[in-house]
Amino acid sequence: MPGHEGSDDFDPETELPPEAVAGVARTFGAAAYRWTPDDDLVRWSAASEAVLGRERLPLARRGADYARLIEPGSGLSRLEAALAAKETSADTDAFPGNEEGARFFQTVYCLASPSGSDRRCLWVEDRGVVYFDPAGRVRRVEGFVRRLSAGCPGRLATGSIEPRTDRQRLAGLIEERLAQAYREGGEFGFMLVGVDHLGDLNDAYGFLVADEVIDVIWLRLRAQLAEGEEIARFSGSKFGLVLHARPGEDFLASARRFVAAVNLASPRTSAGAVAASVSAGGLIAPRQGRSVPEIFSHAQDTLQRARSVAQGSLELYSPSFDRAAERLANVRFADEIVGALSHDRVSLAFQPIAHGVTREIAFHECLVRITGRDGRVFDGGTVIPTADRFGLTRLVDCRALALALAALQADPELRLSVNVSPGSIHDAAWVQILEEGALAGLGARLIVEITESASIPDIEAMRARVAWLRAHGCKVAMDDFGVGYTSFRNLRNLHVDMLKIDGSFICTMMQSEDDRSFVRVLLDLAGQLGIETVAEWVLDEETGRQLVDWGCTYLQGQLIGLPTDDPAVPDGTPGS
């Protein structure tokens with residue numbers, strides 16, 4: 001070991017001499033060292049000049065000077081990695097020797113060129129053993145430094161990325177470990193590590209810098225691997241790690257070490273230090289995953305749960321997190337939606353909306369209905385969440401608009417409102433259907449309800465679309481107001497004609513002082529802005545009278561009438 005150089009207890013009969021150790025290190029392109037913080041001296045093997053370069057060697061003799069060579073943000077310094085090993089490792093990670101207070105450490109960083117040198121910066125891997133005194137202070141560090149590349153890591157001469165997408169190789173590694181576990185017993189760990197908010201990094205810095213961030217993260221993760229562990233690119237921003245998980249070891253502590261190695265320092269790129277982090281999900285196989293698809297599925301679910309907790313989080317799999325059955329049900333229902341769209345099994349129900357004062361029907365809201373292959377009918381509350389998840393909302397919105405315009409064409413006395421999501425309202429197909437309806441003279445009898453429970457990513461673009469709708473004769477309503485994302489400031493900027501107050505506030509209004517106060521404030525503010533209002537889910541006369549007294553323009557709900565297949569036929573509900 002490097003620590004034998006100059007030690008008094010070296011036994012030439014049983015241990016390799018220092019020159020043999022240095023020769024082994026040199027064979028692998030590495031230089032051995034010992035650093036003692038008390039005097040800050042770093043003693044190197046003869047290979048140090050070949051590894052570090054002659055221009056850096058004078059600055060590598062003391063720990064403080066060597067630390068200043070490390071590019072800020074490129075990785076944990078030797079001391080930082082040593083201290084991180086103490087904080088993130090369990091007792092079972094102790095160095096398997098006789099000396100207490102020893103821990104393995106690994107890190108990757110970039111050594112800058114000294115001032116005035118035209119040599120490129122050098123990426124190195126630094127790994128070894130750190131020894132702590134009883135007070136927890138670093139007593140000495142012994143290890144190896146090995147070159148990784150001549151420049152920025154991961155960039156080959158062809159321009160390809162070294163941490164390439166290699167899910168097939170990863171699947172093969174897992175299959176081998178599973179076969180070994182079934183044959184011999186034992187377990188192994190699997191971690192899926194994902195870069196947080198990669199899209200934001202691409203937008204802020206560009207794709208080249210984001211690729212540099214991914215390269216640095218890959219190197220930091222790889223530096224933490226023990227012998228026999230593997231890393232491969234799972235997807236564009238995710239890495240799969242096949243790890244040891246021996247009985248009695250703390251897999252959580254091991255997993256934390258990988259996350260900490262990335263998140264403790266911002267990656268350094270050509271654009272400077274970039275605030276980037278990773279989240280991770282892990283599991284132990286075959287205990288928590290008996291096949292490659294099951295392991296991948298559980299790891300992705302667990303990573304998603306970690307990200308929902310907080311950026312930079314780590315979660316380990318638990319059966320309560322298993323969403324496989326839910327996912328399968330969603331896929332099957334999405335197939336039902338696609339089948340209904342393809343075979344004309346989409347229809348509309350019509351719910352009346354009345355003037356609050358006179359209770360005369362002013363218009364009807366179109367509600368989507370989908371009939372499944374077995375004849376069951378699903379309403380919008382069931383259809384839309386799955387449609388959103390699988391990217392089918394645009395198709396549903398287009399079909400609903402086409403059916404509403406057909407109903408208006410068939411009945412010149414009819415006035416309808418139809419829902420559209422913020423994403424669909426800019427869709428070319430939806431816009432074309434609306435334009436054709438407006439050219440047929442139907443726009444004046446159509447109210448377009450923008451679903452407020454979905455976010456509006458571009459208020460200015462939406463404001464322009466609202467103005468476009470109004471220019472085509474339509475009125476525009478903001479649906480489900482109060483449970484979504486739109487503020488009154490944005491509502492005023494959008495210039496909508498109508499505000500629909502979400503029914504969850506209306507149905508409990510007479511029993512909840514908070515809901516009554518909230519509804520009254522909404523009605524007052526809408527009145528000041530000159531916006532008509534609709535109260536949803538009005539169940540009884542007492543609620544209806546109170547809303548009208550507060551200035552609500554229209555009422556909708558059981559008090560007025562339930563949805564029917566034909567707007568000309570009332571459902572028989574009192575007050576309809």
Side-chain angles (χ1 to χ4, degrees), residues 348-369 379-381 400 404 407-408 410-419 442-452 473-483 496-512 515-576:
L348 297 178
F350 302 88
Q351 184 168 26
I353 297 174
H355 292 282
V357 176
T358 65
R359 306 298 169 87
E360 293 179 356
I361 303 302
F363 58 96
H364 291 76
E365 179 179 1
C366 299
L367 305 171
V368 171
R369 298 289 185 263
D379 62 16
L408 291 173
D411 184 352
E413 302 298 321
L414 194 60
R415 191 165 175 245
L416 297 175
S417 68
V418 63
N419 287 277
L442 305 177
R445 293 188 286 130
L446 182 68
I447 301 168
V448 177
E449 297 188 16
I450 303 170
T451 307
E452 200 270 339
C474 305
K475 283 194 171 184
V476 181
M478 185 62 69
D479 192 22
D480 299 327
F481 193 82
V483 296
V496 299
D497 303 283
M498 191 177 296
L499 183 66
K500 299 191 72 176
I501 302 174
D502 187 76
S504 61
F505 300 107
I506 304 298
C507 66
T508 58
M509 189 182 78
M510 303 310 293
Q511 292 78 42
S512 169
D515 287 346
R516 282 198 301 277
S517 300
F518 182 72
V519 170
R520 187 165 188 175
V521 167
L522 288 184
L523 291 172
D524 287 344
L525 289 172
Q528 293 174 26
L529 294 174
I531 300 174
E532 292 184 318
T533 49
V534 181
E536 302 175 322
W537 298 7
V538 182
L539 304 180
D540 52 56
E541 184 60 40
E542 182 185 11
T543 304
R545 282 198 304 268
Q546 183 65 82
L547 289 165
V548 172
D549 288 345
W550 287 341
C552 187
T553 316
Y554 304 101
L555 305 179
Q556 178 181 6
Q558 183 175 318
L559 176 66
I560 304 304
L562 298 178
T564 61
D565 294 335
D566 187 344
V569 180
D571 70 342
T573 302
S576 64

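All residue numbers in this chain count up from 1 along the given sequence.
- Remark: the backbone N or O of Leu499 is not paired with any side-chain donor or acceptor of Thr533 at under 3.5 angstrom.
- Proximity of Glu365 to Ile447: side-chain heavy atoms (C-beta onward) are nowhere separated by under 4.5 Å.
- Ring orientation note: the planes of Tyr554 and His355 are tilted relative to one another, at an angle of 30° to 60°.
- The side-chain heavy atoms of Gln351 and Ile560, taken from C-beta on, include no pair separated by under 4.5 Å.
- Contact record, Leu348 with Ala400: CD1-O, 4.0 Å, taken as the closest heavy-atom pair.
- For CZ of Arg520, the number of neighbouring non-hydrogen atoms (other residues, nucleotides, ligands) closer than 6.0 Å is 12 at most.
- Glu413 is linked by a side chain to side chain contact (heavy atoms under 4.5 Å, CB included) to Asp411, counting only residues two or more places apart in sequence or in another chain.
- Counting all heavy atoms, side chain and backbone alike, Asp515 lies closest to Phe505 at CB-O, 3.6 Å.
- When all heavy atoms of Ser417 and Glu449 are compared, the closest pair comes out as OG-OE2, 2.7 Å.
- Cys366 is listed as a side-chain neighbour of Phe350, based on a closest heavy-atom distance under 4.5 Å.
- Minimum heavy-atom separation, Gly544 to Leu555: CA-CD1, 4.0 Å.
- The CG atom of Leu523 sits 5.5 Å away from atom SG of Cys552, with the distance rounded to the nearest 0.5 Å.
- Evaluation of the side chain to side chain donor-acceptor pair (under 3.5 Å) rule for Asp540 yields Thr543 as partners, not counting sequence neighbours.
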Hey, mind stepping through Leu559 and Arg359 against side chain to side chain contact (heavy atoms under 4.5 Å, CB included) and telling me if it holds? CA-CA 10 Å; Leu559 176 66; Arg359 306 298 169 87; 3.8 Å; yes
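- Atom CG of Leu522 and atom CD1 of Ile531 lie 11.0 Å apart (nearest 0.5 Å).
- Panel note: side chain Arg445, backbone Leu414; a donor-acceptor pair is recorded below 3.5 Å.
- With a 4.5 Å cut-off on side-chain heavy atoms, Trp550 and Arg516 count as touching.
- At least one side-chain heavy atom of Val548 sits under 4.5 Å from a side-chain heavy atom of Val357.
- The distance from the CG atom of Leu562 to the CD atom of Gln556 is 10.5 Å, given to the nearest 0.5 Å.
- Asp565 places none of its side-chain heavy atoms less than 4.5 Å from the side chain of Arg369.
- Identified under the salt bridge (Lys or Arg N to Asp or Glu O under 4.0 Å) test for residues 523-539, with sequence neighbours left out: Lys475-Glu532, Lys500-Glu536.
- Side-chain contact check for Ile506 versus Ile501: some heavy-atom pair is nearer than 4.5 Å.
- Scanning all heavy atoms of the two residues, the minimum distance from Thr451 to Asn419 falls at OG1-OD1, 4.3 Å.
- Closest approach of Leu547 and Ala535 over heavy atoms only: CD1-CB, 3.5 Å.
- Taking the side chain as every heavy atom from C-beta outward, Leu416 and Leu408 approach each other to under 4.5 Å.
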